[in-house]
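Here's the structure we're looking at; comments come further down.
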Amino acid sequence: MQNNEYKAVGCSVRKKDAMQLLLGKPVYTEDVAPKGALVVKLLRSPHANAMVRSIRTDIAKKVPGVVDVFTWEDVPTTRFAIAGQTYPEPSPYDRLILDRHVRFSGDPVAIIAAEDEKSAKKAMNLIKVEYDVLPAVLDLHTALDNPTLVHPEEDWFPPCEVGGDPKRNLVASEVNTDGDVDAVMAACDVVLENTYHTKAFNQTMMETFRTYTSLDRYGRLHVISSTQIVFHTRRILSRALGIPKNRIRVEKPRIGGGFGAKQSAVCEIYPAFVTMKTGRPAQIIYTREESQIAGSPRHEMEIRVKVGADRNGRIRALDLYTLSNTGAYGEHGPTTVGLSGHKSIPLYTGSLEAWRFGYDVVYTNTQAAGAYRGYGATQGIFAVESIVNELAEKLGMDPTRIREMNMVKEGMLMPAYYNEPANACALDRCMAHCREMFGWEEKYPVRDMGGGKVRTAGVAMAMQGSCISNVDVGSADVALTEDGTYTLRIGAADMGTGCDTILAQMVAESMECRVEDVAVFGADTDASPYDSGSYASSTTYITGKAVEKACTDLKKTICRIGAELLGCTPEETCFEGSCVRCLSSNKTVPLCDIAYKTQVGSVCAAQASATHSSPISPPPFMVGMVEIELDKLTGQVTVLDYMAVVDCGTPINPALARIQAEGGIVQGIGHTLMENITPGYGGRPMEASLLQYKIPTRLDMGRLKVEFEQSYEPTGPFGAKSIGEIVINTPAPAIAHAIYRATGKWYRELPILPQQIAMELAEE
């Protein structure tokens, strides 16, 4: 029987690392890495596409403090991918540690290892490189079948067949369909078709990419890195360096933000290579400029959407085609693009008779893209939700009502979402709740505020997933300690999301103890049970279920040991949180006695391990509404009010869930109104610092309110689904909708900048 004194799930418990962060304790990679490591710096190509004709490092090596300089001639020749994905990776093996063929402006040409940063920078300036500059493919529209090949090498290798062909600059291609789209479209009263474009936004996490490496006392490679994917990083390093996985240990300390950027092993290989070559500890810390021009930003996508509906607003058909720019390397290219359709089209399962979704992913000579919160769904939802808003305006319908008519509802099968069921779906309640909370009826009409300023509102809804179904694996190991408390070991990486805390809450709820009685350890490939990593919104749903299963097994084990001490059978016992009771004699034995029993002549450990994977990925759902004020003279858009209602199943920790939602919404606002990428020479982004790449602060936000509509997901731990990614998806279409209401113009490319609005209004 549950002891309500120790209720944990559904409570806003303080984060496990809150006091460390508040008091400024050493918690990040640079804090915990031992001092005295070699400084690793990278010389980068200024050209978008070139062959290194010659490279002279002799003068650079003579700089006092320089230990060595490495070029393409010094590295292994086995190609690999840096995408943090479960093996076999869908991303092609198309990288070398250093390659003679540099494929984007920022591609590494040489690795400098020095005693200090000053020496490394001086040496960098003394390396002489001669390039044979080649024609570059910088535009995603001209990449496919271009005579200039980004990857002409013969050893390009795809671990999975995803429709790629490097001889066409094609990374992946596919078409999915259900029903006769063309026939249904022809029978529709209204057909709209438009193209939407989103740029390669940067995650801009506060802690840039960084890694420390050394050889431990057994000669194994020890890696401390700001990463979301310790086990995948170990596999990537093993392949790239040609050393066995059991000779590599990867651990992560506190991560200063990831948002998907650190689901790619962007920097780990360089200090690891230096350590293996020199035998000395090495550390690399990317500058902000390096993170901006050679990181792993969101994939630029152009999405063409066609929608067919009857005159009453019933959406009968959707046809979507995505052209995705993966940049110079293919990591995450084949997988992000799928979400642009498979996590936008299913929103309208309630009425769809037919749908089609096709895509091509192309190489270009630009910075390689990667994972970013929302992972392709963000781009697709911007397009689909925008065209639904356009449809509502064309039909003269309230955009919230047209969604209520067509949206997916609980119990429906979603053909466009891999034929998975909507077991738990409160999207209809989210819409009703958000309408009331926001005051939709009052804020939606356009209101002239005088002085050229108008106010109005926009709306959007979204869905995401809770894992990669049939792929992601989460594991947990829960052990009873001698004083009756617990230790939880996990391989998932807390990157500020609070997963250490919510997983501890699940242990506390299951074992009827305080959250403070659960110590959490992770993530370390030597000590943690295997976990795919913290991405795809999978930690709560997948690793959480593993925790729940492990606790169930542990209680059975504790009762079995307790029965031995009580002189009864396990079937006669019950677990009561702090003790085990024998039902026949009413005697009890405390947990500390049970724990000590396992240390004396015992063959039964008071611990349990569990692993979990799921054949489905239950979507969370969300509705967002925004009120803006637009200055027609300057084009300035001010967000006055953003209201969102989220269905994430059971919120395990409502405070942390709310913070996740608020942060994601603000990121989405940044994508929409200010974060811009301007290609410079060779396609290198000109916004290479936070002075140029503008991200929103608290001053850029008006009122922000998030509430929840609970559903119960039967396959999730305690009924939970995910929340980490969905929250970034509604701002772009909602704000674009509001801007249309204020200006009469649809903006179909992100970001929507004040100067664009002002100049177009001035022309009119």
Side-chain angles (χ1 to χ4, degrees), residues 42 44-51 81-83 91-92 94-96 99 101-109 131 133-153 156 164 166 168-172 197-204 209 260-261 264 266 286 288-303 322-334 336-337 340 359-372 376 379 671 675-689 692-693 749-751:
L42 302 176
R44 298 182 180 276
S45 166
H47 306 296
N49 194 19
M51 293 293 292
I82 62 170
S91 298
D94 55 11
R95 282 184 179 263
L96 295 177
D99 201 334
H101 185 176
V102 287
R103 293 172 170 84
F104 73 97
S105 179
D107 218 354
V109 176
Y131 297 94
V133 180
L134 304 172
V137 182
L138 300 177
D139 185 352
L140 77 166
H141 301 99
T142 61
L144 192 62
D145 295 320
N146 194 296
T148 296
L149 297 181
V150 179
H151 283 276
E153 66 271 12
W156 184 92
R168 302 183 62 206
N169 284 333
L170 186 66
V171 178
H197 179 229
T198 64
K199 294 186 180 180
F201 301 113
N202 266 291
Q203 296 89 346
T204 327
F209 301 99
S264 296
V266 171
Y286 271 34
R288 177 59 58 187
E289 179 179 5
E290 287 181 296
S291 290
Q292 294 293 110
I293 63 114
S296 56
R298 191 183 293 285
H299 287 73
E300 176 192 19
M301 290 188 190
E302 185 178 86
I303 303 165
T322 301
L323 179 62
S324 178
N325 180 8
T326 195
Y329 299 98
E331 46 259 16
H332 298 283
T336 49
V337 70
S340 68
Y359 60 77
D360 291 309
V361 183
V362 293
Y363 282 120
T364 61
N365 292 116
T366 59
Q367 174 183 196
Y372 191 168
Q379 297 95 311
H671 285 182
E675 296 179 43
N676 195 31
I677 303 288
T678 310
Y681 172 76
R684 181 181 290 209
M686 296 176 67
E687 291 81 5
S689 77
Q692 301 143 319
Y693 191 82
E749 181 180 68
L750 300 181

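Note: hydrogens, waters and symmetry copies are ignored here, and every other heavy atom, side chains too, is used.
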Worksheet item: Does Tyr359 have any ring-ring contact (aromatic ring centres under 6.0 Å, His included) partners at least two apart in sequence or in another chain, and if so, which?
Response: Phe357
Fill in: Test item: Gln292 side-chain N/O and Arg288 main-chain N/O as donor-acceptor pair under 3.5 Å
no
Worksheet item: Is there a donor-acceptor contact under 3.5 Å linking the side chains of Thr366 and Thr364?
Response: yes
Worksheet item: With sequence neighbours left out, what residues match Gln367 under side-chain hydrogen bond (donor to acceptor under 3.5 Å, both in side chains)?
Response: none
Worksheet item: Where the side chain of Asn169 meets the backbone of Leu149, is there a donor-acceptor pair that is under 3.5 Å apart?
Response: no
Discussion item. So, using side-chain contact (heavy atoms from CB on, under 4.5 Å) as the criterion, who are the partners of Pro108 when residues are at least two apart?
Written reply: Leu42, Arg44, Leu98, Tyr270
Worksheet item: Can you name the side-chain contact (heavy atoms from CB on, under 4.5 Å) partners of Ala371, sequence neighbours left out?
Response: Gln263, His332, Tyr375
Worksheet entry | With sequence neighbours excluded, residues passing ring-ring contact (aromatic ring centres under 6.0 Å, His included) with His671 | Phe201, Tyr372
Worksheet item: Can you name the residues that form a salt bridge (charged side-chain N to carboxylate O under 4.0 Å, His left out) with Asp360, not counting sequence neighbours?
Response: none
Practice prompt. Report yes or no: does Ser291 contribute a side-chain atom to a donor-acceptor pair with the main-chain N or O of Glu289 at less than 3.5 Å?
Written response: no
Discussion item. My understanding is that only residues two or more places apart in sequence, or in another chain, count here; which of them pass side-chain contact (heavy atoms from CB on, under 4.5 Å) with Ser105?
Written reply: Arg684
Worksheet item: Does Ser45 reach the main-chain N or O of His47 with its side chain, forming a donor-acceptor pair under 3.5 Å?
Response: yes
Worksheet item: For Asn49, what residues pass the side-chain hydrogen bond (donor to acceptor under 3.5 Å, both in side chains) criterion, not counting sequence neighbours?
Response: His101
Discussion item. Just to verify, what does Glu153 make a side-chain contact (heavy atoms from CB on, under 4.5 Å) with, not counting sequence neighbours?
Written reply: Arg79, Asp94, Arg103, His151, Asp155, Trp156
Discussion item. Taking side-chain hydrogen bond (donor to acceptor under 3.5 Å, both in side chains) as the definition, give me every residue that meets it alongside Glu675, ordered by chain and number, with sequence neighbours left out.
Written reply: Tyr693
Discussion item. Looking at Ser296 and Ala261, would you say the former's side chain and the latter's main chain have a donor-acceptor pair under 3.5 Å?
Written reply: yes
Discussion item. Quick test of your reading: applying salt bridge (charged side-chain N to carboxylate O under 4.0 Å, His left out), list the pairs with at least one residue in residues 133-149, sequence neighbours left out, ordered by first then second residue.
Written reply: Asp145-Arg168
Response to the item:
Residues at least two apart in sequence or cross-chain that pass side-chain hydrogen bond (donor to acceptor under 3.5 Å, both in side chains) with Asp107, listed by chain then number, are Tyr329
Discussion item. Could you check whether any side-chain N or O of Asp99 sits under 3.5 Å from a backbone N or O of Met51, counting only pairs where one atom can act as donor and the other as acceptor?
Written reply: no
